[in-house]
Number of protein chains: 2
Amino acid sequence: MARSSKSLNEVLDQLREVGLKRTQARRAILDLLVREHGPFSSEEIHAKLKSHGCDLVTVYRNVIALEKVSLIRRCDFGDRVYRYEINDSHDDHHHVVCAKCSGVTVIDYCIPKKVLDSLKKKGYQNLECRLEIFGLCPQCSRGKSLESSLSDSRKNASPNN
Amino acid sequence: MARSSKSLNEVLDQLREVGLKRTQARRAILDLLVREHGPFSSEEIHAKLKSHGCDLVTVYRNVIALEKVSLIRRCDFGDRVYRYEINDSHDDHHHVVCAKCSGVTVIDYCIPKKVLDSLKKKGYQNLECRLEIFGLCPQCSRGKSLESSLSDSRKNASPNN
DNA sequence: TTTCGTGCAAAACCTTTGCAAAGTG
DNA sequence: CACTTTGCAAAGGTTTTGCACGAAA
């Protein structure tokens with residue numbers, strides 16, 4: 001999966017701009033997200049940082065803080081796990097999520113403007129789309145039994161990667 | 001939003017078809033979902049049923065059981081709360097969710113087949129889309145009396161139609 | 001120095017599980 | 001009668017909170 005197009009320094013500059021201190025914990029978290037992109041859950045972030053990381057609680061607090069100032073964005077794949085990635089603003093890209101391995105790829109399809117325009121015409125404002133596509137990725141599609149039901153695969157698709 | 005197009009009896013018949021017993025708890029839950037459509041969380045269902053309802057645990061167990069047999073469908077609006085509605089149909093309809101009052105309306109836009117086809121060509125299987133649009137509904141966009149709680153406002157929210 | 005952020009422990013929260021009793025077909 | 005389903009209590013797991021100490025500006 002491609003790394004973020006933002007550099008760590010850019011992101012750390014943004015930290016200062018929004019009035020958050022550049023602590024070791026935030027550096028580590030942002031560094032990870034710049035390098036590996038994610039999206040990752042708080043637990044995954046904590047696990048990946050290991051020794052040079054920080055307390056799980058600190059990850060929880062920081063993803064909330066960083067999302068609040070739009071430095072990172074929260075993704076939701078319908079399994080009650082919040083995952084975070086660097087917020088490369090501009091494009092709303094969307095995800096294809098593997099129901100088995102939870103692997104994520106990005107697609108650049110967007111909801112047609114006319115769909116949103118027709119809603120605006122009815123009086124809706126501040127529209128924002130959330131689109132995720134679920135399925136089995138090519139790897140998991142190979143050599144497996146299809147008998148798994150949707151809800152089964154959802155269950156298996158939790159933090160195990 | 002309009003009530004479900006299914007009648008309670010239809011739904012109860014389906015219960016038998018899939019081999020689930022028609023208990024009072026299931027009747028009550030399905031009756032509610034047929035009447036008010038939802039989608040509602042387990043807690044909301046439990047609260048709405050009040051005295052003639054059942055234990056919260058029973059709601060939890062039954063929404064899982066009913067979803068497993070596709071009698072109801074699970075919605076996810078990205079807030080870690082699973083909500084359920086009668087599974088009326090074939091088509092994947094999608095929701096417009098008001099960020100303020102949590103009112104829900106349905107749109108019938110679908111992801112173009114060609115997007116999914118191109119993924120299938122790459123080896124993806126069992127694709128399923130989740131699309132929700134968030135924004136302010138016409139009511140909330142206009143004036144603002146906004147001290148409403150989620151569960152209260154949700155029933156009053158009949159944006160459009 | 002002042003303010004913000006962190007770690008640890010504990011609380012809070014929500015969902016699931018175990019089991020005996022009750023209900024359904 | 002066989003076997004599901006339920007209610008209650010308790011367990012489980014995750015996220016949040018309180019607070020004193022430590023780090024950043």
Side-chain angles (χ1 to χ4, degrees), chain A residues 11-32 40-47 49-69 71-72 74-84 102 151-152 154-161, chain B residues 11-31 40-47 49-69 71-72 74 76-84 149-151:
Chain A
V11 177
L12 292 177
D13 284 349
Q14 292 184 289
L15 253 193
R16 165 176 287 142
E17 282 163 29
V18 298
L20 291 179
K21 294 188 175 177
R22 286 169 305 168
T23 66
Q24 202 194 323
R26 287 174 188 154
R27 265 178 234 266
I29 292 171
L30 291 170
D31 178 51
L32 171 68
F40 299 127
S41 68
S42 292
E43 286 216 349
E44 287 170 330
I45 292 172
H46 180 247
L49 294 181
K50 296 213 175 85
S51 49
H52 46 89
C54 58
D55 197 89
L56 215 207
V57 172
T58 300
V59 177
Y60 274 115
R61 284 195 266 230
N62 275 321
V63 292
I64 291 170
L66 294 172
E67 199 222 347
K68 199 165 286 176
V69 297
L71 257 153
I72 64 180
R74 193 174 82 189
C75 307
D76 166 55
F77 298 158
D79 59 359
R80 276 175 165 144
V81 175
Y82 287 160
R83 296 179 175 83
Y84 300 86
S102 290
S151 37
D152 282 348
R154 265 182 192 151
K155 260 177 190 151
N156 298 335
S158 279
N160 51 13
N161 71 334
Chain B
V11 177
L12 292 177
D13 284 348
Q14 292 185 286
L15 254 193
R16 165 177 289 143
E17 282 163 29
V18 297
L20 291 179
K21 297 194 169 175
R22 285 169 305 169
T23 66
Q24 203 193 321
R26 288 175 186 151
R27 265 178 232 266
I29 293 170
L30 291 169
D31 179 50
F40 299 127
S41 68
S42 292
E43 286 216 350
E44 287 170 330
I45 291 171
H46 180 246
L49 294 181
K50 296 215 176 81
S51 50
H52 45 89
C54 58
D55 196 88
L56 216 207
V57 172
T58 300
V59 178
Y60 275 114
R61 285 195 266 229
N62 274 321
V63 291
I64 291 170
L66 294 172
E67 199 221 347
K68 200 165 285 177
V69 298
L71 255 151
I72 64 180
R74 194 174 83 187
D76 166 53
F77 297 159
D79 60 358
R80 273 172 168 151
V81 175
Y82 289 159
R83 296 179 175 82
Y84 300 86
S149 80
L150 178 83
S151 39

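Below, chains carry the letters A, B, ... as their sequence lines are ordered, and counting in each starts from 1.
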Dump every N/O contact between nucleotides 17-21 of chain C and the protein below 3.5 Å, one line per pair.
residue	atom	partner	partner atom	Å
C:dG18	O6	B:Arg61	NH1	3.3

### Task
Would you name the heavy atoms of A:Ser42 and A:Leu56 that are closest together and state the gap between them?
O-CD2, 4.1 Å
### Query
Quick one: are B:Leu30 and B:Leu66 in side-chain contact, heavy atoms under 4.5 Å?
yes
### Non-hydrogen side-chain atoms of A:Arg61 and A:Val57 separated by less than 4.5 Å
yes
### Task
Please confirm whether the backbone N or O of B:Gly78 pairs with a side-chain atom of A:Arg74, one donor and one acceptor, at under 3.5 Å?
yes
#### Entry: Heavy-atom side-chain contact between A:Leu15 and A:Leu12 under 4.5 Å
yes
#### Entry: Closest-nucleotide ordering on DNA chain C, the 5'-leading residue of B:Gln24 and A:Gln24
A:Gln24
### Query
In Å and rounded to the nearest 0.5 Å, what is the CG to CZ distance from A:Leu49 to A:Phe40?
10.0 Å
### Nearest-angstrom distance from the residue atom CG of A:Leu12 to C1' of D:dA25
16 Å
### Message
A cation-pi test, strictly: NZ or CZ of A:Arg83 under 6.0 Å from the centre of the six-membered ring of A:Phe77 and no more than 45 degrees from its axis. Yes or no?
### Response
no
#### Entry: Nucleic acid contacts - residues 13-23 of chain A versus DNA chain D, non-hydrogen atoms under 4.0 Å
A:Lys21, A:Arg22
### Task
Grab the CZ-P distance between B:Arg83 and C:dC14 for me, whole Å please.
13 Å
### Query
Nearest nucleotide by nearest heavy atom, which residue falls closer to the 5' end of DNA chain D, B:Asn62 or B:Arg80?
B:Asn62
### Task
Round to the nearest Å and state the distance from B:Leu66 atom CG to D:dT4 atom C1'.
14 Å
### Summary
The reported gap from OG1 in A:Thr58 to NE2 in A:His46 (rounded to nearest 0.5 angstrom) is 8.5 Å
Distances under 3.5 Å between protein N/O atoms and the N/O atoms of nucleotides 11-13 of chain D, please, pair by pair.
none

### Task
Please confirm whether the backbone N or O of B:Lys21 pairs with a side-chain atom of B:Arg26, one donor and one acceptor, at under 3.5 Å?
yes
### Message
For a 4.5 angstrom cut-off between non-hydrogen side-chain atoms, does A:Val11 reach A:Asp31?
### Response
no
### Query
Between atom CG in A:Leu49 and atom C1' in C:dT6, what is the gap in whole Å?
15 Å
### Message
I need the CG-P distance between A:Asp55 and D:dA23, as an integer number of Å.
### Response
15 Å
### Query
Does the side chain of A:Ile45 reach to within under 4.5 Å of the side chain of A:Asn62, using non-hydrogen atoms?
no
### Query
When the distance from CD of A:Glu67 to P of D:dT16 is rounded to whole Å, what number comes out?
12 Å
### Task
Send over the distance from A:Ile64 CD1 to C:dC4 P, rounded to a whole Å.
18 Å
### Task
Would you mind classifying the nucleic acid contact of B:Ala25 as base, sugar-phosphate or nothing, using non-hydrogen atoms under 4.0 angstrom?
sugar-phosphate
### Query
Given atom OH of A:Tyr82 and atom C1' of C:dC14, what is their separation to the nearest angstrom?
13 Å
